[in-house]
Structures are given as C-alpha cells and as structure tokens.
Amino acid sequence: MHRFFFLGLIATGCNSDTFASADGAAHDDGATSEGGAPDSQPIGEGGGMTDAPSSPCPSLHGPTMVRVTTSDQSFCIDTTEVSVKQYGEFLTAKAGNTSGQPPFCAAWNSTYALPSISACAIDPIATPDLPANCVDWCDAYAYCAWAGKRLCGDEKGAMLDVAQASTKHDEWYVACSHNDDGVHLYPYGSAFDGTKCNSAGSGGIGLTNVGSKPGCEGGYAGLLDMSGNIDEWDMTCRDWNSPVSDGGAASITCMRRGGSWYPPSNTAYLGQCNSALEFKRQDPGGGIRCCAD
C-alpha cells in the first residue's frame, strides 16, 4: 500500500536547510531494488507543442509537453510540474519495483514512496493537482524514465556541470529564459510581477495546483510555473564522479530550479534561486519537471 500524508503549511525555496533530510524514512527494507535501463514506454503524439508542431513529444504519462527549438537544440519540456495524482500513477504502476533508477541510486533507494514527514506526500484523492513534493533526485529520475522522458540536462540530455547552469547549454534555463533572449529575466518578462506566479512576493501561502496561475507562463507559450510553487530537480550536479563510499555517490549534490512559493519577493526566477542539495534529500521543496528529446 502506498503511503500518502497531508500537506502542512510549510514549504521550502532557495534555502532548504530549514528542513531536515528524511533519508531512510521512506526506504523500506523489503522492496526490490534494480538498476539498469528505464522501463520501456511507447511514445505518442505529443500535446501542447511549441515552435515545432510537426515534432512529437512524449505524451503517455505526466504533464503534456512544449517543444523548445533554437538554432542549437530542440527538446520537449513538461508544461507543468508533476502533480500528486501523476506521481501516484507512477507508484501504482511500479507496485514496489524500483527499476528505472541509476545503479548508485538502487544501492540505497529501495522505494519510490513519499516520506511520512510533515508537509510531505499530499493525499492524491483530496489534493490530486498539487505538485508532488518531498521526492529525492533518484525518485525524480525514475519518474521521468517511467514516463518515457528524462530529467532536464544539457543540450544532449546528459548530465550538466553546475558551472554551465543558467547558460545556453542548460535546457531548463533555455526554456525559462526563451533561450536567454535578454527579455525573459522572469518567465513572463523582464520585470518582477507579484501577481503572476505563486511566490511569497505574490502573497503565496503554500503550494497551488499545477498550472493554476495562467499569468505565470513562459519563456515559451504553454510553459507554466517555471517560477515559484515548487523547486524542480534536474541533471545539473557536482561531484558526480567522486570516488567515495555509499555506491560512489555520497557527496553528489544536484540543483533544484525555479524557486518555490516560499522565497521572498522576486528571488524566484530563472533558476538563479537554486540550491545544490544532496541528491538523497527529501524535503517539502523538491518536485519534478521532465524533459525529452
């Protein structure tokens, strides 16, 4: 049985040190742990495509996608953050099987269920459209793989070094800034507008349903909540190849992008409000948005 718990009125933004890691709280000893390739999923004709309407995006699971095409790259990105209902569908489909994550994740991550700590694991019946939170990096990676997608990374979909975050090599940044066009300091334009997105500057008091702030659109048409609401894990990591214990990955930290509802005023924008957090970390600020080739 999958465990879901109701959300408290606490969430995190740039500085997630407010919340203690829930490592171990949601990792059942008896679950089967497998590394290897992601589950195979058929690819359908994508919904919500922008800039290349003839190019399909994955559409079988999770949010519909927008296609971002520049002179250097072309990729798809989820229109919204992954919702509680969509993450619950992943848990149901996996039924305790933890395939679809990298081997160094499988060494310790024995369940994708959400942790039983305050403000985590929102009830999928009562609040299905809030963004899934309290996922660690491995959970996010596995969800995207199951959905026939992947975490956002460099222009080839690979791991991106933190030194290249917020550059034209960074898919998340390219999507949010409209390829760094000099206009989209915020997804919706060049000046902060507290009425647009779910951030503290807009009077936010907690998470809101994914895609429920139509003014929080950009840098491409149909792309919502790139600023505020919930942080989003991606493939921007450091110490990826450190020769350390714990499956060779104990010191890995990965970025969460876009800020959440919690940071003050105009700090939630373009992923400048980033936290490099231990990839095992589960706290109320960690959510999911996927990309695809």
Side-chain angles (χ1 to χ4, degrees), residues 14 46-59 62-82 140 144 149-193 196-199 210-211 213-238 254-260 266-276 287-293:
C14 298
M49 292 172 291
T50 296
D51 287 357
S54 63
S55 301
C57 288
S59 63
T64 57
M65 305 191 88
V66 164
R67 177 164 289 280
V68 174
T69 300
T70 73
S71 60
D72 302 312
Q73 57 189 300
S74 181
F75 62 93
C76 299
I77 185 168
D78 283 346
T79 53
T80 68
E81 299 138 338
V82 173
C144 292
K149 306 174 184 179
R150 56 173 172 75
L151 288 177
C152 302
D154 72 5
E155 61 264 52
K156 298 179 181 178
M159 186 66 64
L160 186 72
D161 186 84
V162 292
Q164 293 182 302
S166 299
T167 71
K168 288 190 176 184
H169 296 286
D170 179 341
E171 288 177 326
W172 195 99
Y173 178 78
V174 166
C176 190
S177 68
H178 203 277
N179 199 30
D180 196 19
D181 63 5
V183 175
H184 289 76
L185 178 62
Y186 300 89
Y188 46 80
S190 60
F192 177 72
D193 184 340
K196 297 290 189 183
C197 300
N198 180 32
S199 63
V210 299
K213 303 282 284 186
C216 193
E217 183 180 25
Y220 288 81
L223 186 57
L224 300 169
D225 300 331
M226 293 292 278
S227 175
N229 212 24
I230 197 74
D231 296 335
E232 304 160 11
W233 288 107
D234 73 359
M235 292 276 280
T236 307
C237 300
R238 62 165 57 97
C254 299
M255 304 299 283
R256 297 204 313 219
R257 313 301 296 273
S260 73
N266 59 351
T267 59
Y269 70 103
L270 280 196
Q272 300 296 330
C273 177
N274 288 326
S275 297
I288 309 171
R289 187 188 299 263
C290 305
C291 282
D293 296 324

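Keep in mind it's a predicted model, so treat the numbers as computed, not measured.
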To the nearest 0.5 Å, atom CD of Glu217 lies from atom CG of Leu224 at 5.5 Å
From CA spacing to verdict: side-chain contact (heavy atoms from CB on, under 4.5 Å), Leu223, Arg289
CA-CA 11 Å; Leu223 186 57; Arg289 187 188 299 263; 3.6 Å; yes
Inset, instruction - Using only the SG atoms, decide whether Cys144 and Cys290 are less than 2.5 Å apart. - result: yes
Checklist entry - Does Asp225 reach the side chain of Asn198, with side-chain heavy atoms less than 4.5 Å apart? => result no
Side chain to side chain donor-acceptor pair (under 3.5 Å) filter on Glu155, not counting sequence neighbours, yields His169
When Tyr186, Tyr220, Tyr188 are each screened for ring-ring contact (aromatic ring centres under 6.0 Å, His included) with His178, the one that passes is Tyr220
| query | Is the shortest distance from a Lys or Arg side-chain nitrogen in Asp234 or Arg256 to a carboxylate oxygen in the other one below 4.0 Å? | reply | no
task: Check whether any side-chain N or O of Asp181 sits under 3.5 Å from a backbone N or O of His184 as a donor-acceptor pair, and report yes or no.
output: yes
Interatomic distance, CD1@Ile230 vs CD1@Ile288, rounded to 0.5 Å, equals 10.0 Å
Practice item. For residues Cys197 and Lys213, determine if any side-chain heavy atom of one lies less than 4.5 Å from a side-chain heavy atom of the other. Key: no
Is there side-chain contact between Glu81 and Met226, with at least one heavy-atom pair below 4.5 Å? no
Original post:
Is the shortest heavy-atom distance from the side chain of Cys254 to the side chain of Met159 under 4.5 Å?
Top reply: no
- Task: Give the intermediate values and the outcome of side-chain contact (heavy atoms from CB on, under 4.5 Å) for residues Val174 and Thr70.
- Result: CA-CA 9 Å; Val174 166; Thr70 73; 4.0 Å; yes
**OP:** With the side chain counted from C-beta on, respond yes when Met235 and Trp172 share a heavy-atom pair under 4.5 Å apart, and no when they do not.
**Re:** no
The reported gap from SG in Cys57 to CG in Asp293 (rounded to nearest 0.5 angstrom) is 10.5 Å
Sorted by chain and number, sequence neighbours left out, side chain to side chain contact (heavy atoms under 4.5 Å, CB included) with Asp180 holds for Lys168, Tyr173, Ser177
| query | How about Cys76 and Cys291: are their SG atoms under 2.5 Å apart? | reply | no
The reported gap from CZ in Arg150 to CZ in Phe75 (rounded to nearest 0.5 angstrom) is 8.0 Å
* Is the side chain of Thr79 donor-acceptor paired with the backbone N or O of Thr64 at a distance under 3.5 Å, no angle test? -> yes
For this session: Run the numbers on Ile77 and Val68 for side-chain contact (heavy atoms from CB on, under 4.5 Å), then give the verdict.
Result: CA-CA 7 Å; Ile77 185 168; Val68 174; 4.2 Å; yes
Asp170 meets the side chain to side chain donor-acceptor pair (under 3.5 Å) criterion, sequence neighbours left out, with Arg257
Rounded to the nearest 0.5 angstrom, the OG1-CD distance for Thr80 and Glu232 is 9.0 Å
Value for OG1 (Thr167) from CG (Leu160), rounded to nearest 0.5 Å, stands at 6.0 Å
